[in-house]
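Have a look at the structure below, then the notes.
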Amino acid sequence: MHLTVEQTYPADVSAVAAMLSDAEFVRWRGGRADAGAASQVDVTGDPASGFTVSLRRTLPTDLIPAQVRQLVGDHLEVRQAEAWEPERAGRHVGTVAVEIAGAPVRMTGSLRLEPTADGTHVVYDGEVKASLPLFSSTVEEAAAGAVRRTLEAEERAGREWLSQA
């Protein structure tokens, strides 16, 4: 299942890249009530040389349909890894992988961070795949919805963070 999530921020590319590569921000965004509970955060590098962000968090299963909950247990442990390349021509590109531990579901895709007339546009574009033959489409839809809601929560967190800067 294809998934695209777009985020917009009222700041320039360098400010958004600095925010996304700030371990304090990643820890803060991952611990917000609407984004789950962060249990592990690792950030290496910086926007000038490229950076990676790894985040592990626990989400409630109410993000997925009831018929799928029995397959994943009481909570979802989500592992998100992003690898951003250095800025080129005013933009950053990278890759993203999101896994749900204990469930045969994975999203892999690309990232883009680019300037707009009034700020910055971030695009997550990827494929959500489940390896459960009988339930794959249901699980993929549920996982895509959980990923979308999580990334939307991250956008809200980023906007709040930037407004306080």
>> Walk me through whether V98 and V78 qualify under side chain to side chain contact (heavy atoms under 4.5 Å, CB included).
In response: CA-CA 7 Å; V98 179; V78 179; 3.6 Å; yes
>> Going by side-chain hydrogen bond (donor to acceptor under 3.5 Å, both in side chains), name the residues that satisfy it together with T52, two or more places apart in sequence or in a different chain.
In response: T44
>> Please determine whether side chain to side chain contact (heavy atoms under 4.5 Å, CB included) holds for the pair E154 and L55, giving the CA-CA distance in whole Å, both sets of side-chain angles, and the decisive distance to 0.1 Å.
In response: CA-CA 12 Å; E154 289 183 5; L55 174 63; 4.3 Å; yes
>> Going by the rule side-chain hydrogen bond (donor to acceptor under 3.5 Å, both in side chains), which residues pair with S49 if we only count those two or more places apart in sequence or in a different chain?
In response: D46
> Would you call V123 and T4 a side-chain contact if the rule is heavy atoms closer than 4.5 Å?
Replying inline: yes
> Which pairs count as ring pair (Phe, Tyr, Trp, His ring centres under 6.0 Å) when at least one residue sits in residues 106-125, sequence neighbours excluded?
Replying inline: none
> Hey, mind stepping through K129 and R106 against side chain to side chain contact (heavy atoms under 4.5 Å, CB included) and telling me if it holds?
Replying inline: CA-CA 5 Å; K129 298 215 184 262; R106 180 177 177 89; 5.6 Å; no
>> Any heavy-atom pair between the side chains of E6 and D125 that's under 4.5 Å?
In response: no
> Should we say atom CD of E127 is surrounded by more than 12 heavy atoms from elsewhere, each under 6.0 Å from it?
Replying inline: yes
> Residues in side-chain contact (heavy atoms from CB on, under 4.5 Å) with R148, at least two apart?
Replying inline: L3, V5, E152
>> If you define the side chain from C-beta out and look only at heavy atoms, does anything of L20 sit under 4.5 Å from H92?
In response: no
> Can you get from V93 to M107 by hopping between Ile, Leu, Val, Met, Phe, Trp and Tyr side chains that sit under 4.5 Å apart?
Replying inline: no
> Does anything in residues 139-165 pair up under ring pair (Phe, Tyr, Trp, His ring centres under 6.0 Å), and if so which pairs, sequence neighbours excluded?
Replying inline: F25-W161, W28-W161
>> List the residues meeting side-chain hydrogen bond (donor to acceptor under 3.5 Å, both in side chains) with D42, not counting sequence neighbours, and say none if there are none.
In response: Q40
> CZ/R29 to CD/E160 distance, rounded to the nearest 0.5 angstrom?
Replying inline: 14.0 Å
Under 3.5 Å, sequence neighbours excluded: what are the donor-acceptor pairs made by side chains of residues 7-19?
| unit_1 | atom_1 | unit_2 | atom_2 | d |
| --- | --- | --- | --- | --- |
| Q7 | OE1 | Y9 | OH | 3.1 |
| Q7 | NE2 | L151 | O | 2.9 |
| T8 | OG1 | R159 | NH2 | 2.9 |
| D12 | OD1 | S14 | N | 3.4 |
| D12 | OD1 | S14 | OG | 3.0 |
| D12 | OD1 | A15 | N | 2.8 |

>> So, using side-chain hydrogen bond (donor to acceptor under 3.5 Å, both in side chains) as the criterion, who are the partners of W84 when residues are at least two apart?
In response: E82
> If you take all heavy atoms of F51 and G45, which pair is closest and at what distance?
Replying inline: CB-C, 3.7 Å
> Looking at residues at least two apart in the chain, or sitting in another chain, which of them share a salt bridge (charged side-chain N to carboxylate O under 4.0 Å, His left out) with E85?
Replying inline: R88
> By side-chain contact (heavy atoms from CB on, under 4.5 Å), which residues pair with S163, not counting sequence neighbours?
Replying inline: none
> With sequence neighbours excluded, what pairs up with T95 under the side-chain contact (heavy atoms from CB on, under 4.5 Å) test?
Replying inline: A83
